[in-house]
There are 2 protein chains.
Amino acid sequence: MARKTGSHSDITGPRIRDAALKLFAQQGYAAVSMRKIAAEVGVQAGALYLYTPDKQSLLFELMDGHMTDLLAAWEAEPKGDTPIAQLEAFTRFHIRYHIDRPEAVFIAYMELRNLTPKNFAIIEAHRRRYEEALENILNAGQEEGAFRLPDTRLVTMAVIAMLTGVNTWYREGGRLSRQRVERIYWRLVQRMVKG
Amino acid sequence: MARKTGSHSDITGPRIRDAALKLFAQQGYAAVSMRKIAAEVGVQAGALYLYTPDKQSLLFELMDGHMTDLLAAWEAEPKGDTPIAQLEAFTRFHIRYHIDRPEAVFIAYMELRNLTPKNFAIIEAHRRRYEEALENILNAGQEEGAFRLPDTRLVTMAVIAMLTGVNTWYREGGRLSRQRVERIYWRLVQRMVKG
DNA sequence: ATCGTATCTGAACGCCCGTTCAATTCAATC
DNA sequence: GATTGAATTGAACGGGCGTTCAGATACGAT
């Protein structure tokens with residue numbers, strides 16, 4: 001047998017990326033073989049190489065796609081014009097966006113060490129740009145006196161770590177709704193920045 | 001050749017654990033082979049099995065040891081008697097302890113999925129106990145009116161995520177000293193809990 | 001000097017890895 | 001209904017994996 005009825009390039013391609021996303025998140029890049037990914041798609045391992053040059057590219061494209069989408073989504077987000085409004089927008093956006101993509105987020109944070117140095121540098125640049133979006137808001141608020149921060153760079157890292165931490169405990173249908181989680185975290189962030 | 005001069009069980013054992021800690025943190029459990037660990041120690045792969053029953057036990061003992069030490073160190077920490085004093089003690093302790101053991105901390109957070117279900121349950125119980133140490137402080141402060149928290153469980157997770165995040169950016173000899181990092185984070189935590 | 005034993009080697013076991021590629025199958029076109 | 005070309009198989013490549021174990025080695029006790 002060779003290819004099955006109705007299988008086409010534009011269907012198999014995305015299915016491979018979906019399978020890789022799921023399996024990398026579940027078991028980790030190093031523990032997932034090309035054969036496992038192929039099995040999840042329902043195809044032989046060799047077929048994967050029609051859609052990706054190698055395993056590393058599969059990982060990189062998942063991470064690069066995630067970061068690119070994240071940055072684009074933040075650009076497109078309505079922000080308001082005061083630092084306090086922008087900080088609220090960032091806080092709520094970050095939680096909402098990350099809570100909806102637990103697998104991509106998990107991979108983006110856990111598999112950095114499995115990237116080649118070149119690919120790592122590209123992902124790091126993306127991350128840096130995203131962190132700077134927050135840092136710029138904090139700096140603006142600091143300058144105009146809306147915030148009183150001990151150290152904007154440190155507060156940037158503290159806020160992002162705190163917000164991203166939601167993904168470690170949030171479960172769909174749990175005690176708190178997304179809305180409620182968003183609101184509570186926003187209150188905490190407010191307290192952190194208000195002198 | 002067989003064993004080298006001066007090699008003894010009580011030397012090789014710890015060296016194996018040290019090598020495993022270093023390599024697991026650097027490359028991840030799945031990517032590190034028993035042969036790599038053995039090479040780091042300067043020994044053949046077979047020799048490892050005089051000191052550990054298998055690779056999984058090597059990982060588990062590192063994680064279990066780390067969590068046990070962490071809990072014991074917190075027990076032994078001078079705490080003060082008010083919730084606010086205890087919260088300061090916890091905040092400073094957490095940062096100090098974690099900043100000094102980046103490899104063990106990294107493994108404890110990243111390699112959970114590579115534990116067998118039984119071992120995972122044990123590590124999770126440890127983590128839960130540690131989280132409860134903080135949650136109890138927050139609850140006590142909430143009840144006696146020292147803190148005004150939107151949700152103690154959520155604030156517990158937020159604070160721990162924020163504090164542990166230090167390990168992602170802190171570098172020895174960087175812009176901020178440990179002392180300064182401790183102090184700034186304590187100010188942020190204070191703001192978060194004070195209504 | 002010899003022995004006993006703790007320590008370690010080196011080879012082997014069956015298995016899985018990422019990747020390549022000739023051969024095959026199927027859908028669309030003529 | 002034959003031809004074409006994209007999609008896929010299945011086998012193969014060299015290599016690394018965790019683990020076992022008989023045999024070699026060197027130290028401490030006698």
Side-chain angles (χ1 to χ4, degrees), chain A residues 1-24 26-63 107 111 113-119, chain B residues 1-21 23-24 26-63 107 111 113-116 118-119:
Chain A
M1 294 130 261
R3 101 180 199 233
K4 308 233 179 91
T5 311
S7 295
H8 294 313
S9 178
D10 45 348
I11 291 178
T12 308
R15 288 189 61 207
I16 289 173
R17 259 162 270 147
D18 290 351
L21 181 77
K22 174 181 161 185
L23 294 177
F24 287 165
Q26 242 165 48
Q27 314 177 26
Y29 176 76
V32 173
S33 66
M34 293 301 264
R35 284 169 177 83
K36 281 187 194 167
I37 297 171
E40 177 81 16
V41 176
V43 106
Q44 293 299 315
L48 302 185
Y49 291 85
L50 294 167
Y51 303 95
T52 184
D54 49 34
K55 194 186 173 191
Q56 168 70 203
S57 303
L58 214 39
L59 174 62
F60 172 69
E61 269 154 36
L62 288 175
M63 295 178 69
I107 291 172
E111 303 296 354
R113 63 180 160 198
N114 287 308
L115 292 170
T116 60
K118 254 176 210 166
N119 287 342
Chain B
M1 295 129 256
R3 100 182 200 233
K4 310 233 180 91
T5 312
S7 294
H8 296 311
S9 179
D10 45 348
I11 291 179
T12 308
R15 288 189 61 205
I16 290 173
R17 260 163 269 145
D18 290 352
L21 181 77
L23 293 176
F24 286 165
Q26 241 166 49
Q27 315 178 25
Y29 176 76
V32 173
S33 67
M34 293 301 265
R35 283 175 239 272
K36 280 187 196 168
I37 297 171
E40 177 80 18
V41 176
V43 107
Q44 293 299 313
L48 302 184
Y49 290 86
L50 294 168
Y51 303 95
T52 184
D54 48 34
K55 193 186 173 191
Q56 168 70 205
S57 303
L58 214 41
L59 175 62
F60 172 70
E61 270 153 35
L62 288 176
M63 294 178 70
I107 291 173
E111 302 296 352
R113 63 181 160 196
N114 287 308
L115 291 170
T116 61
K118 255 178 209 166
N119 287 342

Next item on the list: Could you pull out all residues at least two apart from A:Lys22 that satisfy salt bridge (Lys or Arg N to Asp or Glu O under 4.0 Å)?
Entry: A:Glu40

Notebook entry, point to check: Roughly, in whole Å, what's the span from CG in A:Leu50 to C1' in D:dG5?
Noted result: 13 Å

Next item on the list: Nearest whole angstrom, please: distance from the P of C:dG18 to the CG of A:Leu23.
Entry: 12 Å

Notebook entry, point to check: Mind checking what makes salt bridge (Lys or Arg N to Asp or Glu O under 4.0 Å) contact with B:Arg113, not counting sequence neighbours?
Noted result: A:Glu111

Item checked: Separation of D:dC17 C1' from B:Leu48 CG (nearest whole Å) -> 13 Å

Check: Over how many whole Å does the gap from A:Gln44 atom CD to C:dA22 atom C1' extend?
Finding: 16 Å

Notebook entry, point to check: Is the phosphate of C:dC8, meaning OP1 or OP2, less than 4.0 Å from a side-chain N or O of B:Thr12?
Noted result: yes

Notebook entry, point to check: CG of A:Asp54 versus C1' of C:dG18: gap in Å, rounded?
Noted result: 9 Å

Check: Excluding sequence neighbours, so at least two apart, what forms side-chain contact (heavy atoms from CB on, under 4.5 Å) with B:Ala39?
Finding: none

Item checked: Whichever of A:Ala31 and A:Gly46 has its nearest DNA chain C nucleotide further upstream toward 5' -> A:Ala31

Check: Would you say A:Tyr49 reaches D:dT8's phosphate, i.e. side-chain N/O to OP1/OP2 under 4.0 Å?
Finding: no

Next item on the list: Mind checking salt bridge (Lys or Arg N to Asp or Glu O under 4.0 Å) for B:Arg35 and listing every partner two or more places apart, or none if nothing turns up?
Entry: none

Notebook entry, point to check: Of the residues in residues 33-41 of chain B, which ones touch DNA chain D at a heavy-atom distance under 4.0 Å?
Noted result: B:Ser33, B:Met34, B:Arg35

Check: When the distance from CG of B:Asn114 to P of D:dG18 is rounded to whole Å, what number comes out?
Finding: 12 Å

Next item on the list: Take A:Ile37 and A:Phe24, measure what side chain to side chain contact (heavy atoms under 4.5 Å, CB included) needs, and give me the verdict at the end.
Entry: CA-CA 9 Å; A:Ile37 297 171; A:Phe24 287 165; 4.0 Å; yes

Check: Taking NZ from B:Lys55 and P from D:dT20, how many angstroms apart are they, rounded to a whole number?
Finding: 15 Å

Next item on the list: Report the C-alpha distance between A:Ile16 and A:Val43 in whole Å, list the side-chain angles of each, state the deciding distance to 0.1 Å, and finish with yes or no for side chain to side chain contact (heavy atoms under 4.5 Å, CB included).
Entry: CA-CA 10 Å; A:Ile16 289 173; A:Val43 106; 5.7 Å; no

Check: Which salt bridge (charged side-chain N to carboxylate O under 4.0 Å, His left out) pairs, counting each pair once, include a residue from residues 50-63 of chain B, with sequence neighbours left out?
Finding: none

Item checked: Distance, rounded to the nearest Å, where B:Leu58 contributes CG and D:dT19 contributes P -> 10 Å

